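One structure below.
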Amino acid sequence: MKVVITDWDFENLFYEEKVFMNYPEIEFVSGKCRTEDEVLELCHDADAIINQYAPITRRVIESLTNCKVIARYGVGVDTIDLKAATEMGIAVGNVPDYGIDEVSDHALSLILNVLRKVSYINNKVKQGIWDLNLTKPVHRLNETTIGLVGFGNIPRALNEKLQSLKMNVIVSDPYVSDEIMIERNAEPVSLEELCRRADIISVHAPLTDSTKGMIGKAQFELMKDGVKIVNTARGPVIDEAALIDALKRGKVSTAALDVLENEPISVDHPFLKMEQVVLTPHMAGYSEEAYAELRTKTALAVVDVLIYGQIPRKLVNQEVINKITLKPFTKDSHYQSQNYKALAKEQRTAKSF
């Protein structure tokens, strides 16, 4: 059985190899696909596909002759045409519990950075300018209202951390009940009200047809003058042109972004010349332990289907169940046996913490 890894930006495939070495009937190959045509050439006869960023479009999916499962590194599946996969009877799996602590920690670090203006004043000091007045105004955290756009696993973890800092948290998520938010001491509001009230807005919505550009010109106009924006979700959830305009006008005072509409950032991107923009390279989900867990679970989703004949541990396109003959997932011992901290240590023994 042939497993194809379309693309990967890790230093090696250590964790995937650790999984597949236990199953000699699996042959796995990898590529560095970036385009649809490259994916087509590499994957046409694959029994399973593991995907990071390469486009798994309808054209790709309809060309697959043997494929039973597509497993995606991470939570989002915006690289995969789910409707086409379902029509073709291909199960799509992801790792929805990936990096909850890491992304919420990273979001918190960006929030604190822009509220305390750490990156901005650090750059000034390095330019020989020692003047705290340049940071004014800075306000106490417990006098700050933060709006969370989305309330899935990651923003719920972030909410706990923000609550410990005594910040006032308001949340907009039409798919989560008000009761769940209230139980967590977060105030449910509409997106429009969140835009009007928040001093800082942290975006956590998944990228779908309905969320693409959901923070755009109209939303920026509702916001307070000098609002701060943080995005650790997906770049296209924010209309980038509208954000650039809002930054230039001072409507948005600061933006801290781990994700962009197009990655990696182009050398002539306006953000690179804006001192009020803090950028990180789509790294929010990273830690050694999180990578060990992510990559092992992604490989095991393939094993679920090809070896055990069951649906992946986390099936995204539930509608496909009516088109396939896979058994329901049972908690096989190969999940419980993984010690991700130990795996990460084995992989990284040559490097210091």
Side-chain angles (χ1 to χ4, degrees), residues 3-6 8 10 15-16 18-20 23 26 28 46-54 56 61 67-104 150-157 173 175-176 180 204-208 211 233-234 284-287 289-340 343:
V3 177
V4 175
I5 302 177
T6 60
W8 46 284
F10 318 117
Y15 300 111
E16 295 82 354
K18 289 283 286 185
V19 171
F20 293 134
Y23 306 97
I26 289 180
F28 88 96
D47 293 286
I49 294 173
I50 292 176
N51 169 251
Q52 189 170 25
Y53 302 124
I56 310 295
I61 289 169
C67 190
K68 299 178 180 64
V69 58
I70 300 171
R72 175 65 165 64
Y73 288 121
V75 182
V77 289
D78 46 283
T79 58
I80 303 166
D81 189 322
L82 291 178
K83 184 177 180 182
T86 302
E87 290 173 4
M88 293 292 290
I90 299 173
V92 177
N94 69 342
V95 187
D97 54 353
Y98 163 60
I100 293 173
D101 278 331
E102 284 77 9
V103 180
S104 60
F151 206 57
N153 291 330
I154 289 168
R156 291 183 199 188
D173 191 326
Y175 301 103
V176 177
I180 288 175
H204 301 278
L207 179 59
T208 65
T211 63
R234 285 291 185 269
Y286 165 72
S287 73
E289 295 76 19
Y291 264 20
E293 184 172 4
L294 167 70
R295 294 164 57 191
T296 302
K297 284 184 175 180
T298 304
L300 286 171
V302 168
V303 171
D304 288 337
V305 176
L306 297 188
I307 302 299
Y308 293 96
Q310 59 187 19
I311 62 174
R313 181 174 188 245
K314 297 296 182 181
L315 180 67
V316 179
N317 55 336
Q318 293 287 332
E319 301 87 352
V320 82
I321 290 175
N322 298 323
K323 292 179 173 287
I324 57 179
T325 58
L326 297 174
K327 299 177 291 187
F329 174 79
T330 56
K331 289 192 174 181
D332 202 306
S333 60
H334 65 240
Y335 282 104
Q336 279 67 45
S337 66
Q338 301 304 319
N339 183 332
Y340 302 111
L343 280 170

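Given the structure is predicted, the values throughout are model-derived calculations rather than measurements.
Every residue meeting the side-chain contact (heavy atoms from CB on, under 4.5 Å) condition with Ile324, not counting sequence neighbours, appears here in chain and number order: Ile311, Val320, Leu326. Asp173 meets the side-chain hydrogen bond (donor to acceptor under 3.5 Å, both in side chains) test with no other residue; sequence neighbours excluded. Residues forming a side-chain contact (heavy atoms from CB on, under 4.5 Å) with Ala54 (at least two apart in sequence, or on another chain): Thr6, Asp7, Cys33, Val39, Asn51. Asp78 is linked by a side-chain contact (heavy atoms from CB on, under 4.5 Å) to Leu207, Arg234, counting only residues two or more places apart in sequence or in another chain. Applying the ring pair (Phe, Tyr, Trp, His ring centres under 6.0 Å) criterion to Tyr53, with sequence neighbours excluded, gives no partner residue. Under the rule for a side-chain hydrogen bond (donor to acceptor under 3.5 Å, both in side chains), the partners of Glu87 that lie at least two apart in sequence or sit in another chain are Arg58.
At least one side-chain heavy atom of Arg313 sits under 4.5 Å from a side-chain heavy atom of Asp97. A heavy-atom distance below 4.5 Å is not found between the side chains of Thr79 and Val77. Using a 4.5 Å cut-off on side-chain heavy atoms (C-beta onward), Val75 and Pro206 make no contact. For the pair Phe151/His204, no side-chain contact is recorded, criterion being any heavy-atom separation below 4.5 Å from C-beta on. Looking at heavy atoms from C-beta onward, Trp8 lies out of side-chain contact with Glu16 at the 4.5 angstrom threshold. A heavy-atom distance below 4.5 Å is not found between the side chains of Thr296 and Lys18. By the 4.5 Å heavy-atom criterion applied to side chains, Val303 and Tyr308 are counted as neighbours.
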Does Arg156 form a side chain to side chain contact (heavy atoms under 4.5 Å, CB included) with Ile180? I'd like the steps, not just the answer.
CA-CA 10 Å; Arg156 291 183 199 188; Ile180 288 175; 3.9 Å; yes
Assess whether side chain to side chain contact (heavy atoms under 4.5 Å, CB included) is satisfied between Ile26 and Ile307, documenting all intermediate values.
CA-CA 9 Å; Ile26 289 180; Ile307 302 299; 4.1 Å; yes
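Across all non-hydrogen atoms, the minimal contact from Gly89 to Lys323 is CA-CB, 4.3 Å. Ala46 and Val4 get closest at one heavy-atom pair: CB-CG2, 3.7 Å. Nearest heavy atoms, Ala71 versus Val302: CB-CG2, 4.2 Å. Heavy-atom minimum distance, Asn153 versus Pro96: ND2-O, 4.0 Å. Summarising the geometry of Pro312 relative to Val69, their closest heavy-atom pair is CG-CG2, 4.0 Å, with the distance given to 0.1 Å. Considering all non-hydrogen atoms of both residues, Glu102 and Tyr286 come closest at CG-O, 3.7 Å.
Here Asn94 contributes atom CG and Leu315 contributes atom CG; the two are 9.0 Å apart, rounded to the nearest 0.5 Å. Annotation: the span from Ile56 atom CD1 to Ile80 atom CD1 amounts to 6.5 Å, rounded to 0.5 Å. One finds the CG atom of Asn317 at 6.0 Å from the CG atom of Leu82 (value rounded to the nearest 0.5 Å).
Between the side chain of Tyr73 and the main chain of Thr298, no donor-acceptor pair closer than 3.5 Å is present. When atom types are taken as modelled, the side chain of Arg72 and the backbone of Gly93 share no donor-acceptor pair closer than 3.5 angstrom.
Relative ring orientation between Phe28 and Phe20 is described as tilted, the plane-to-plane angle lying within the 30° to 60° band.
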